[in-house]
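Report on the following structure.
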Amino acid sequence: MMYPYMTLHDDTEITHSEMLPDGRVKVYIETPDLKDGFHNATCYLPDYMWEDINGYSEAEMAYFRELIRNNAHLIMEFSREGGFTNASNF
């Protein structure tokens, strides 16, 4: 199951999985693109292992790496609680 985490001003969607059996959390980033369809990247927390990076520039990836690093503690917590909505009791 993937849970929504954040939508950026350019319609980039950041989602995360529930806590996986091995203690990791999959974070998926996807941005719509008129030419290519979508750009995307996947990161696994807590080890910050990036894979399947498609369409993003190095500057964009530097931004996403920092964004995920700054939010990793929340993403990890929300993954244990069933996403933001369940964690916040909304």
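Residues take their numbers from the sequence shown, with the count starting at 1. The figures here come from the full heavy-atom set of this structure, side chains too, leaving out hydrogens, waters and symmetry mates.
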Quiz prompt | Nearest heavy atoms of Ala41 and Trp50, plus distance in Å | solution = CB-CZ3, 3.9 Å
Quiz item: How far apart are the closest heavy atoms of Asp10 and Pro32, and which atoms are they?
Solution: O-CD, 4.3 Å
Can you tell me how far the [atom1] atom of [X] sits from the [atom2] atom of [Y], to the nearest 0.5 Å?
{"X": "Lys26", "Y": "Met1", "atom1": "NZ", "atom2": "CE", "value": "13.5 Å"}
{"X": "His73", "Y": "Phe78", "atom1": "NE2", "atom2": "CZ", "value": "8.5 Å"}
{"X": "Asp22", "Y": "Arg24", "atom1": "CG", "atom2": "CZ", "value": "4.5 Å"}
{"X": "Asp33", "Y": "Asn54", "atom1": "CG", "atom2": "CG", "value": "11.5 Å"}

Quiz item: Is it true that atom CD of Glu66 has more than 12 heavy atoms of other residues, nucleotides or ligands lying nearer than 6.0 Å?
Solution: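 Open: at most 12 neighbouring heavy atoms sit under 6.0 Å from CD of Glu66.
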Self-check item: Polar side-chain atom of Asn40 near backbone of Asp52 as donor-acceptor pair, under 3.5 Å
Solution: yes
Exercise. Would you check if Glu60 and Thr31 make a side-chain contact, meaning some heavy-atom pair closer than 4.5 Å?
Key: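 No, their side chains stay 4.5 Å or more apart.
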Quiz item: With side chains defined as the heavy atoms from C-beta onward, is the minimum distance between Leu45 and His16 less than 4.5 Å?
Solution: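 Answer no - side chains too far apart.
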Exercise. Please determine, by modelled atom types, if Glu18 and Ser79 share a side-chain donor-acceptor pair under 3.5 angstrom.
Key: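 There is no such pair between these side chains.
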Quiz item: Do Phe64 and Tyr56 have their ring centres less than 6.0 Å from each other?
Solution: yes
Quiz item: Cation-pi between Arg65 and Tyr48: NZ/CZ under 6.0 Å from ring centre and within 45° of the ring axis?
Solution: no
